[in-house]
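Presented below is the structure to which this report refers.
This is a predicted model, so every value here is computed, not measured.
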Amino acid sequence: MPSAPMEIALAEARAAAARGEVPVGAVVTDAAGAVLAAAGNEVEARRDPSAHAEMLALRDAAAARGVKLLPDATLWVTLEPCAMCAAAASLFRVKRVVFGAYDPKGGGVEHGARVFAHPTCHHAPEVVGGIREGEAAALLRGFFAGLR
């Protein structure tokens, strides 16, 4: 699977870290691989706990298209989405979720709530984890080591 969108997501994560945000970046691409939207975490800047990179990128992609659903889209994110972001991906009806680092503590796809596996999940996208996992995990480790 090509990872050019993941490079953009990693750049968004690095920019988020430079702003003092947890370094997570997300990109939404269309069926042809064109970037519809990209974002990094803005939780601190917006003082909004829902301003995760995934939420911002999904909202921006839908707004750019003037639609509410993104059934041909792929959400690329540097960290396994949390339960909130996984639920949002389901609600936006994305075709695929591709993520970098696994998140045993806060993840909601392969860990924790496992949103897409829940019987009440209305739409479960294809999931691909571990794309450029080492780079994404290193960004997070470096960020949190700097806080300690």
Side-chain angles (χ1 to χ4, degrees), residues 1-46 48-112 114-116 123-148:
M1 173 170 287
S3 66
M6 189 59 82
E7 180 57 41
I8 298 168
L10 286 162
E12 290 286 346
R14 288 188 288 273
R19 297 189 304 270
E21 302 278 356
V22 173
V24 177
V27 173
V28 178
T29 57
D30 67 13
V35 173
L36 299 172
N41 273 355
E42 293 187 22
V43 171
E44 301 303 324
R46 294 182 185 220
D48 176 356
S50 72
H52 290 194
E54 302 96 306
M55 299 293 288
L56 300 174
L58 287 165
R59 289 173 182 155
D60 289 350
R65 283 187 159 177
V67 299
K68 67 177 186 176
L69 302 178
L70 300 164
D72 69 332
T74 297
L75 171 63
W76 299 77
V77 59
T78 58
L79 180 65
E80 176 184 347
C82 69
M84 174 184 68
C85 293
S90 177
L91 291 170
F92 276 97
R93 304 292 197 267
V94 299
K95 180 176 183 176
R96 182 179 304 110
V97 173
V98 178
F99 66 87
Y102 290 86
D103 188 356
K105 183 177 178 184
V109 176
E110 300 287 331
H111 297 89
R114 298 177 194 241
V115 171
F116 304 139
H123 171 75
E126 174 189 347
V127 175
V128 179
I131 303 299
R132 299 187 65 177
E133 178 181 7
E135 292 169 75
L139 276 173
L140 289 157
R141 277 193 306 273
F143 178 80
F144 287 112
L147 295 180
R148 293 185 183 112

Next on the checklist: Restricting to non-hydrogen atoms, name the atom on Ala101 and the atom on Ala137 that form the minimum distance, rounded to 0.1 Å.
Outcome noted: CB-N, 3.9 Å
Checklist entry - Just by distance, do the side chain of Glu80 and the backbone of Glu110 share a donor-acceptor pair under 3.5 Å? => result yes
Checklist entry - Who passes salt bridge (charged side-chain N to carboxylate O under 4.0 Å, His left out) against Arg65, sequence neighbours left out? => result Asp72
Next on the checklist: Would you compute the distance between atom CD1 of Ile131 and atom CG of Leu10 and round it to the nearest 0.5 angstrom?
Outcome noted: 11.5 Å
Item to check | Leu70 side, atom CG; Thr29 side, atom OG1 - distance, nearest 0.5 Å | outcome: 10.5 Å
Item to check | Carboxylate-amine/guanidinium proximity below 4.0 Å for Arg14 and Glu7 | outcome: yes
Checklist entry - Which atom pair, heavy atoms only, marks the closest approach of Met55 to Cys85? => result CG-SG, 3.8 Å
Checklist entry - Could you go step by step and tell me if Ile8 and Val35 meet the side-chain contact (heavy atoms from CB on, under 4.5 Å) rule? => result CA-CA 9 Å; Ile8 298 168; Val35 173; 3.7 Å; yes
Checklist entry - Distance from Glu133 atom CD to Leu79 atom CG, nearest 0.5 Å? => result 10.5 Å
Checklist outcome for this item: Ala53 and Ala39 have their tightest heavy-atom pair at CB-O, 3.5 Å
Checklist entry - Taking only residues two or more places apart in sequence or in another chain, which ones pass salt bridge (charged side-chain N to carboxylate O under 4.0 Å, His left out) with Glu42? => result Arg46
Checklist entry - Looking only at heavy atoms, which two atoms of Ala89 and Leu75 are closest? And how far apart? => result CB-CD2, 4.2 Å
Checklist outcome for this item: Between Ala37 and Ala61, the two heavy atoms sitting closest are CB-N, 3.5 Å
Next on the checklist: The test is side-chain contact (heavy atoms from CB on, under 4.5 Å); show your working for Val28 and Phe92 and say whether it passes.
Outcome noted: CA-CA 11 Å; Val28 178; Phe92 276 97; over 6 Å; no
Checklist entry - In Å, rounded to the nearest 0.5 Å, how long is the span from NE2 of His111 to NZ of Lys105? => result 13.5 Å
Checklist entry - Who pairs with Asp30 by side chain to side chain donor-acceptor pair (under 3.5 Å), at least two apart in sequence or on another chain? => result none
Next on the checklist: Are the side chains of Pro5 and Thr74 in contact, using a 4.5 Å heavy-atom criterion?
Outcome noted: no
Checklist entry - At what distance, to the nearest 0.5 angstrom, does OG of Ser50 lie from CG of Leu56? => result 7.5 Å
Checklist entry - Do the side chains of His123 and Ser90 get nearer than 4.5 Å, heavy atoms only? => result yes
Item to check | Test salt bridge (charged side-chain N to carboxylate O under 4.0 Å, His left out) applied to Glu135 - qualifying residues, sequence neighbours left out | outcome: Arg132
Checklist entry - Who are the salt bridge (charged side-chain N to carboxylate O under 4.0 Å, His left out) partners of Arg19, not counting sequence neighbours? => result none
Checklist entry - Would you say Val115 and Val109 make side-chain contact, with heavy atoms under 4.5 Å? => result no
Item to check | Heavy-atom closest contact (Ala86 atom, Phe116 atom, distance) | outcome: O-CE2, 3.2 Å
Next on the checklist: Between Val24 and Glu54, is the side-chain contact (heavy atoms from CB on, under 4.5 Å) condition met? List the steps.
Outcome noted: CA-CA 9 Å; Val24 177; Glu54 302 96 306; 4.2 Å; yes
Item to check | For Tyr102, all residues meeting ring-ring contact (aromatic ring centres under 6.0 Å, His included), sequence neighbours excluded | outcome: Phe99
Checklist entry - So do Val94 and Leu58 actually touch side chain to side chain, heavy atoms under 4.5 Å? => result yes
Next on the checklist: Do Asn41 and Pro23 make a side-chain contact, defined as non-hydrogen atoms from C-beta onward lying under 4.5 Å apart?
Outcome noted: no
